[in-house]
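What you are looking at is a predicted structure, and each value in this text was computed from that prediction instead of being measured. Hydrogens, waters and symmetry mates are skipped; everything else that's a heavy atom, side chains included, is used.
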Amino acid sequence: DARKLAAEKRGRRSETWAALLLRLKGYRILGRRVRTHAGEIDLIARAPSGLVCFIEVKARGDAGTAIESVGARQQSRIARAAALYVAGKPALRDKGMRFDIVTVSSRALPRHIRDAWRPGD
């Protein structure tokens, strides 16, 4: 329906803003909307330090609401998807990984929260 299409469009636009922000910070985008058996990862990027970052992009009114919206179930799903992704890419296995959130709001610049959670927290 129209609401779902609008949300999809907003999500894609938010991911584009997030990818742009990360590139400006020196990250290399490795994948967008990467699907695994465990679920989808919004963005996968290589940090300037070499770490592989799995980034959840949230479009919300404010950053606090966006961070809270990534609950424990979603965190564990993303962590499982990340493990599957890395398992299929031997070159990335020893690089280390981190889970970040990028919040996108119509009232503020995108905000990158590094190390937003750790699996098993």
Side-chain angles (χ1 to χ4, degrees):
D1 73 355
R3 243 188 2 245
K4 199 171 184 179
L5 280 173
E8 174 83 14
K9 189 174 180 181
R10 188 171 56 248
R12 285 189 187 278
R13 191 170 45 242
S14 297
E15 287 165 10
T16 299
W17 280 112
L20 179 63
L21 168 73
L22 292 168
R23 279 199 299 268
L24 288 171
K25 291 173 81 173
Y27 287 70
R28 205 171 107 236
I29 305 301
L30 302 176
R32 286 179 67 159
R33 293 192 167 211
V34 175
R35 293 184 189 281
T36 72
H37 291 300
E40 187 179 272
I41 302 166
D42 292 340
L43 291 172
I44 302 172
R46 188 81 172 271
S49 67
L51 272 175
V52 180
C53 301
F54 297 91
I55 299 125
E56 182 66 14
V57 179
K58 287 292 179 186
R60 295 287 189 278
D62 65 276
T65 317
I67 295 164
E68 289 166 14
S69 73
V70 183
R73 273 183 48 201
Q74 189 174 16
Q75 289 176 12
S76 69
R77 181 191 55 74
I78 294 168
R80 283 192 314 275
L84 286 172
Y85 177 82
V86 171
K89 308 254 187 241
L92 298 179
R93 275 192 208 133
D94 60 348
K95 301 297 181 199
M97 61 168 84
R98 188 177 76 206
F99 296 90
D100 298 357
I101 296 174
V102 172
T103 64
V104 179
S105 159
S106 58
R107 296 187 278 287
L109 291 171
R111 186 168 154 224
H112 179 203
I113 296 105
R114 296 165 45 146
D115 210 13
W117 82 86
R118 302 218 169 147
D121 275 359

Might you point out which heavy atoms bring [X] and [Y] nearest each other, and give the distance in Å?
X	Y	answer
R10	A59	CG-CB, 4.4 Å
V104	S14	CG2-O, 3.7 Å
L51	G96	CD2-C, 3.3 Å

Inset, instruction - Flag yes if more than 12 heavy atoms outside R33 fall under 6.0 Å of its CZ atom; otherwise flag no. - result: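 Enclosed: over 12 neighbouring heavy atoms sit under 6.0 Å from CZ of R33.
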Legend entry - With F54, the side-chain contact (heavy atoms from CB on, under 4.5 Å) member among V86, V34, L43, D42: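 Only one option passes, and that is V86.
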Legend entry - Inter- and intrachain pairs under ring-ring contact (aromatic ring centres under 6.0 Å, His included), touching residues 7-27, at least two apart: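 Passing the test, one end in residues 7-27: Y27-H112.
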Inset, instruction - List for me each residue that meets side chain to side chain contact (heavy atoms under 4.5 Å, CB included) alongside D94, sequence neighbours excluded, and say none if there are none. - result: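 Here no residue qualifies.
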Inset, instruction - Please list, chain by chain and in numerical order, all residues satisfying side chain to side chain contact (heavy atoms under 4.5 Å, CB included) with L84, sequence neighbours excluded. - result: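 Partners of L84 under the side chain to side chain contact (heavy atoms under 4.5 Å, CB included) test: T36, H37, A38.
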[atom2] on [Y] to [atom1] on [X], rounded to 0.5 Å:
X	Y	atom1	atom2	answer
L109	T103	CG	OG1	10.0 Å
L22	I44	CG	CD1	12.5 Å
K95	S49	NZ	OG	10.5 Å
R111	S105	CZ	OG	11.0 Å

Legend entry - Check: A87 main-chain N/O paired with R93 side-chain donor or acceptor under 3.5 Å: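 Checked: pair present.
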Legend entry - Pairing residues for R98 by the salt bridge (charged side-chain N to carboxylate O under 4.0 Å, His left out) criterion, not counting sequence neighbours: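 Salt bridge (charged side-chain N to carboxylate O under 4.0 Å, His left out) list for R98, sorted by chain: D100.
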Inset, instruction - With sequence neighbours excluded, tell me which residues meet salt bridge (charged side-chain N to carboxylate O under 4.0 Å, His left out) with R13. - result: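 Counting only residues at least two positions away or on another chain, R13 forms no salt bridge (charged side-chain N to carboxylate O under 4.0 Å, His left out).
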Legend entry - side chain to side chain donor-acceptor pair (under 3.5 Å) against R12, all qualifying residues, sequence neighbours excluded: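 Testing R12 for side chain to side chain donor-acceptor pair (under 3.5 Å), a comparison that skips the adjacent residues, returns E8.
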Legend entry - side chain to side chain donor-acceptor pair (under 3.5 Å) involving T16 - partner list, sequence neighbours excluded: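 Checked T16 against side chain to side chain donor-acceptor pair (under 3.5 Å); matches are R32.
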Inset, instruction - Could you walk me through whether R46 and L92 pass the side chain to side chain contact (heavy atoms under 4.5 Å, CB included) test, one step at a time? - result: CA-CA 10 Å; R46 188 81 172 271; L92 298 179; 4.0 Å; yes
Distance-only donor-acceptor pairs under 3.5 Å for side chains of residues 75-82, two or more places apart:
unit_1	atom_1	unit_2	atom_2	d
Q75	NE2	V70	O	3.1
S76	OG	R73	O	3.1
R77	NH1	E40	O	3.0

Inset, instruction - Check the hydrophobic clustering (I, L, V, M, F, W, Y; side-chain heavy atoms under 4.5 Å; chains of links allowed) and say if W117 and I55 are grouped together. - result: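 In one cluster: no.
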Legend entry - Co-membership, hydrophobic cluster, residues V57 and F99, 4.5 Å side-chain: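 No; F99 is not reachable from V57 via cluster members.
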Legend entry - Pairs satisfying salt bridge (charged side-chain N to carboxylate O under 4.0 Å, His left out), at least one member in residues 20-31, at least two apart: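 Matches after skipping sequence neighbours: none remain.
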